[in-house]
Amino acid sequence: MTQKLIVATPSKGRLQENANAFFARAGLELTQGRGARDYRGAIAGLDGVEVAYLSASEITGRLARGDVHFGITGEDLVREEIADPESKVELLAPLGFGHANVVVAVPQAWIDVRAMADLADVADGFRARHGRGLRVATKYLNTTRRFFAQHGVGDYRIVESSGATEGAPAAGSADLIVDITTTGATLAANALKILDDGVILRSQANLVASLSAPWSETAKEAARIILSRIAAEEEARTTREVRAAVALNDAALSEAQANFGATLRERNGDTTTFACPTKQVAALADWLIGKGAQSVTSAKLDYVFKAGNALWGRLAGRL
Ligand SMILES: Nc1ncnc2c1ncn2[C@@H]1O[C@H](COP(=O)(O)OP(=O)(O)OP(=O)(O)O)[C@@H](O)[C@H]1O
Ligand SMILES: O=P(O)(O)OC[C@H]1O[C@H](OP(=O)(O)OP(=O)(O)O)[C@H](O)[C@@H]1O
Ligand SMILES: [Mg+2]
């Protein structure tokens with residue numbers, strides 16, 4: 001069976017540009033078939049791969065159904081649109097973009113309502129006072145139901161809203177909302193406030209794998225290669241190669257690991273080379289000078305390929 005690996009990437013919206021940049025960083029050049037309007041593409045140099053350009057929401061649905069193998073989408077969409085996501089998909093890696101919180105927000109004028117417990121109280125008395133239950137505008141139906149149930153908010157109704165959700169309370173079509181926010185500007189413009197314990201999820205874009213897609217040998221091999229490049233880029237981006245002319249014993253190496261997260265890459269005579277988390281480079285250098293090094297250099301690498309491919313290992317273990 002020569003079923004190709006299908007990689008779904010956002011074709012529009014907030015994740016599109018960042019997703020393209022993410023693949024480019026990993027040395028994966030997406031090539032679009034016959035023109036910008038062709039929604040199928042490929043990855044240069046990788047025969048067993050097909051790229052599908054879809055909306056983030058559509059990507060999530062296809063991952064759940066097993067129509068695509070890999071997809072880039074928001075964790076908010078995965079938790080909302082896939083029932084029992086742990087059994088259907090594997091969230092392989094958070095990608096560091098598409099940050100947004102799914103939140104419960106109420107009118108700022110509700111001065112006594114600060115937390116979910118206050119909301120539960122309001123919900124209980126609301127029907128008696130207003131002749132109807134609370135109305136919540138949202139497109140996150142399942143996420144809202146789960147969160148409200150956890151917090152004992154029972155008497156409410158969801159008003160499904162797919163756009164301009166923040167305007168619903170002022171327009172009179174809902175009393176509060178559950179929606180996504182990044183800067184908070186839209187909430188503020190609509191005189192809404194997030195409840196103190198009302199952050200339901202801190203979401204970001206993820207590389208997600210479908211567990212039910214047809215994982216042919218061709219698809220597995222392509223996935224292994226793609227994941228090794230992604231891991232190599234991530235390792236290179238988050239670490240620096242630190243080198244010093246100083247001989248260190250095993251106890252000192254353990255200390256470097258424990259204090260700075262620095263792992264030994266190579267020991268060559270009197271030269272010691274570490275892989276060090278970027279943020280710890282200066283501290284490690286200081287420590288190495290304290291150990292007798294005359295100078296310490298730090299270099300940024302393009303890729304760090306490793307014999308063991310942790311990302312692929314994790315996925316392979318579930319297929
Ligand atoms: N400020 C934000 N607002 C909405 N989504 C965001 C934001 N920041 C990041 N995202 C992420 O991007 C995903 C897709 O949102 P996006 O707005 O691109 O698409 P959409 O709302 O489905 O379609 P549209 O292109 O019509 O807005 C969200 O589900 C979320 O994971
Ligand atoms: O906290 P902020 O930075 O103000 O961002 C939040 C807003 O961004 C999103 O809308 P988007 O622009 O994607 O339009 P949409 O509602 O049509 O998806 C989201 O639905 C909020 O309305
Ligand atoms: Mg949007």
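Counting starts at 1 for both ligands and their atoms, following the listed order. Only heavy atoms go into these numbers, but all of them, side chains included; no hydrogens, no water, no symmetry mates.
Contact annotation for Glu58 and ligand 1: no heavy atom of the residue comes within less than 4.0 Å of the ligand. Here Glu75 has no heavy atoms under 4.0 Å from ligand 1, in either its backbone or its side chain. The proximity of Ser57 to ligand 1, defined as any non-hydrogen pair under 4.0 Å, does not occur for either the backbone or the side chain. Counting heavy atoms under 4.0 Å from ligand 2, residue Thr165 does not touch it at all.
Classified by interplanar angle (parallel below 30°, tilted 30° to 60°, perpendicular above 60°), the ring pair His130/Phe126 is parallel.
The heavy atom nearest to atom 17 (O) of ligand 1, out of those in Arg14, Glu81, Lys12, is found in Arg14. Selection from Ile180, Thr183, Leu187, Asp179 by nearest heavy atom to atom 6 (C) of ligand 2 gives Ile180. Distances from atom 4 (C) of ligand 1 to the heavy atoms of Asn18, Ile180, Leu201, Thr60 put Ile180 nearest. Distances from atom 11 (C) of ligand 1 to the heavy atoms of Leu15, Thr182, Thr181 put Leu15 nearest.
For ligand 1, the atoms closer than 4.0 angstrom to any heavy atom of Asp76 are 28 (C), 29 (O), 30 (C), 31 (O). Here is the list of ligand 2 atoms found below 4.0 Å of a heavy atom in Ala185: 1 (O), 4 (O).
Screening residues 178-198 for salt bridge (Lys or Arg N to Asp or Glu O under 4.0 Å), with sequence neighbours left out, gives no hits.
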**Request:** Begin with the C-alpha distance, continue with both residues' side-chain angles, and end with the deciding distance and a verdict on side chain to side chain contact (heavy atoms under 4.5 Å, CB included) for Val178 and Phe148.
**Result:** CA-CA 10 Å; Val178 170; Phe148 279 28; 4.2 Å; yes

**Request:** Tell me, with the steps shown, if Glu90 and Arg318 meet salt bridge (charged side-chain N to carboxylate O under 4.0 Å, His left out).
**Result:** CA-CA 8 Å; Glu90 177 79 15; Arg318 295 205 65 192; 2.7 Å; yes

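Using a non-hydrogen distance threshold of 4.0 Å, Glu80 does not register as a contact of ligand 1.
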